Chemist: 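Handing you this structure, nothing more for now.
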Amino acid sequence: MPSRFPNLRHVDHPLIRHKVSSLRDRTTPPHEFRRILSEVAGLMTYEVCRELETGPVEVETPLERTTAHRLLRPITIVPVLRAGLGMTQGILHLIPEARVGHIGVRRDELSGNPEGYYVKLPPDVGAGPVFLVDPMLATGGSAAHAFNLLLGAGCTDLRLVCLVAAPEGVARLGREFPSIRIYTASLDRELDSRLFIRPGLGDAGDRCFDT
Ligand code: PRP
């Protein structure tokens, strides 16, 4: 059966489900929330990297010369400030050589529209795959803002890695950026009238940083 969202990959695994249940729990304190968020990001990385290109390299093992395979192009992780920071270490743990760019976007509480306030990217960010990282995909406004910045900077291989996604945001990004794949640990039910993801987990930035 064709998926409702061809641009979406639901990264479903018992360990991820287990950890997401702790992130949803309102009694999970910030230091635990940060640790678990980072762990889930690490577990998702395996799937997010599945189609990355590798190329042959000659290496000397202790016994003989052989052909092995290495990632071909530099990877850049771009957290959306603030909450994306909570996933970055988990990905860096598995890809320590990745570069890290930053995009600051805040969502206006009344209109829900994104307001960009910071951008710092490697000058050759388009030289390899870029993982835009933000735990929450609600209306999709923040991700769309960041995608436009990254496309303008020459990125051609973009992925969004989030934790909980609302169908409304997934649909919007599918319409506006059909070739960009979204990875999420959960596709939640809906956005409510205040544009909060339901059931969701509250505001990931506030829960990470205890604000
Ligand atoms: C939250 C969240 C996403 C954005 C999602 O950030 O971390 O960045 O909202 O909403 P959208 O899909 O409707 O754009 P927020 O603006 O609360 O900033 P913060 O991370 O600094 O708390």
Side-chain angles (χ1 to χ4, degrees), residues 5 7-11 19-20 23-24 26 28-31 33-41 44 48 76-91 100-121 130-152 158-178 180-211:
F5 299 118
N7 56 333
L8 186 71
R9 293 290 178 279
H10 179 193
V11 186
K19 289 175 189 290
V20 170
L23 294 174
R24 290 196 195 277
R26 65 185 304 162
T28 301
H31 66 279
F33 189 93
R34 277 198 298 275
R35 180 181 64 78
I36 300 167
L37 180 60
S38 180
E39 285 174 356
V40 173
M44 292 179 73
V48 174
T76 306
I77 305 166
V78 180
V80 175
L81 306 178
R82 296 170 297 164
L85 292 173
M87 298 177 81
T88 302
Q89 279 306 325
I91 303 175
V100 182
H102 295 86
I103 293 181
V105 195
R106 72 170 70 81
R107 195 174 77 156
D108 181 84
E109 286 190 8
L110 290 179
S111 68
N113 293 329
E115 294 169 2
Y117 60 87
Y118 187 74
V119 186
K120 190 78 174 178
L121 301 169
V130 175
F131 303 167
L132 183 71
V133 178
D134 190 337
M136 314 193 65
L137 170 60
T139 65
S142 302
H145 174 89
F147 282 161
N148 282 322
L149 283 170
L150 292 165
L151 292 169
L158 273 172
R159 295 160 174 76
L160 173 64
V161 187
C162 54
L163 182 77
V164 291
E168 293 86 343
V170 177
R172 172 181 172 174
L173 295 182
R175 284 192 304 273
E176 295 182 19
F177 307 92
I180 299 179
R181 191 170 288 169
I182 301 165
Y183 294 84
T184 188
S186 173
L187 178 63
D188 275 18
R189 190 181 65 243
E190 62 184 351
L191 282 185
D192 68 13
S193 58
R194 293 189 300 162
L195 305 177
F196 292 168
I197 301 171
R198 295 297 186 105
L201 39 75
D203 183 309
D206 287 341
R207 294 199 60 193
C208 265
F209 302 115
D210 202 9
T211 47

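Keep in mind it's a predicted model, so treat the numbers as computed, not measured. First listed ligand is number 1; within each ligand, the first listed atom is number 1. Along the sequence shown, residues are numbered consecutively beginning with 1.
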Chemist: Report all side-chain donor-acceptor pairs from residues 132-151 shorter than 3.5 Å, counting only partners two or more places apart or in another chain.
Modeler:
from   : atom 1 : to     : atom 2 : distance (Å)
Asp134 : OD1    : Met136 : N      : 3.2
Thr139 : OG1    : Gly141 : N      : 3.1
Asn148 : ND2    : Ala144 : O      : 3.2

Chemist: If we only count N/O pairs under 3.5 Å, is Gly112 in contact with ligand 1?
Modeler: no
Chemist: May I ask you to identify the nearest protein heavy atom to atom 18 (O) of ligand 1, giving residue, atom name and distance to one decimal place in Å?
Modeler: Val105 O, 4.2 Å
Chemist: Looking only at heavy atoms, is any part of Asp134 under 4.0 Å from ligand 1, and if so is it the side chain, the backbone, or both, or is it neither?
Modeler: side chain
Chemist: Any atoms of ligand 1 less than 4.0 Å from a non-hydrogen atom of Gly141? List them with their elements.
Modeler: 12 (O), 14 (O)
Chemist: Evaluate the side-chain proximity of Arg207 to Asp203: yes if any heavy-atom separation is below 4.5 Å, no if none is.
Modeler: no
Chemist: Can you tell me how far apart CD (Glu39) and CG (Leu23) are? Round to the nearest 0.5 Å.
Modeler: 9.0 Å
Chemist: Can you find a side-chain donor-acceptor pair between Thr184 and Arg9 that sits under 3.5 Å?
Modeler: no
Chemist: Which ligand 1 atoms are under 4.0 Å away from a heavy-atom of Met136?
Modeler: 2 (C), 3 (C), 5 (C)
Chemist: Under 3.5 Å between some N or O of ligand 1 and some N or O of Asp206?
Modeler: no
Chemist: Tell me, do Leu85 and Phe209 make a side-chain contact under 4.5 Å, heavy atoms counted?
Modeler: yes
Chemist: With a 4.0 Å heavy-atom cut-off (strictly under), which part of Leu195 contacts ligand 1: side chain, backbone, both or neither?
Modeler: neither
Chemist: Tell me whether the guanidinium CZ or amine NZ of Arg159 lies under 6.0 angstrom from the six-membered ring centre of Tyr183 and within 45° of its axis.
Modeler: no
Chemist: Right, does atom 4 (C) of ligand 1 have protein non-hydrogen atoms nearer than 4.0 Å?
Modeler: yes
Chemist: Has Gly169 got any heavy atom lying under 4.0 angstrom from an atom of ligand 1?
Modeler: no
Chemist: Look only at interatomic distance and state if Ser142 has a nitrogen or oxygen under 3.5 Å from any nitrogen or oxygen of ligand 1.
Modeler: yes
Chemist: Within a distance of under 4.0 Å, is there any protein heavy atom near atom 8 (O) of ligand 1?
Modeler: yes
Chemist: Taking all heavy atoms of Thr211 and all of Arg82, pick out the closest pair and write down the distance.
Modeler: OG1-NH1, 3.0 Å
Chemist: What is the nearest protein non-hydrogen atom to atom 15 (P) of ligand 1, stated with its residue, atom name and distance?
Modeler: Arg107 N, 4.3 Å
Chemist: To the nearest 0.5 Å, how far apart are OH in Tyr117 and CG in Leu81?
Modeler: 4.5 Å
Chemist: For atom 11 (P) of ligand 1, tell me which residue out of Thr139, Val80, Val164 has the closest non-hydrogen atom.
Modeler: Thr139
Chemist: Number the atoms of ligand 1 from 1 as they appear, then name those within less than 4.0 Å of a heavy atom of Arg106, with their elements.
Modeler: 16 (O)
Chemist: side-chain contact (heavy atoms from CB on, under 4.5 Å) between Val80 and His102: does it pass, once the steps are laid out?
Modeler: CA-CA 6 Å; Val80 175; His102 295 86; over 6 Å; no
Chemist: Would you tell me which option among Gly84, Gly140, Ala166 has the nearest heavy-atom contact to atom 12 (O) of ligand 1?
Modeler: Gly140
Chemist: Is Asp188 reaching over with its side chain to a backbone N or O of Glu190, donor-acceptor style, under 3.5 angstrom?
Modeler: no
Chemist: Return the residue, atom name and 0.1 Å-rounded distance of the protein heavy atom closest to atom 17 (O) of ligand 1.
Modeler: Asp203 OD2, 3.2 Å
Chemist: I need the nearest protein heavy-atom contact for atom 21 (O) of ligand 1: residue, atom name and distance, please.
Modeler: Arg82 NE, 2.8 Å
Chemist: Taking only residues two or more places apart in sequence, or in another chain, which ones meet Gln89 in a side chain to side chain donor-acceptor pair (under 3.5 Å)?
Modeler: none
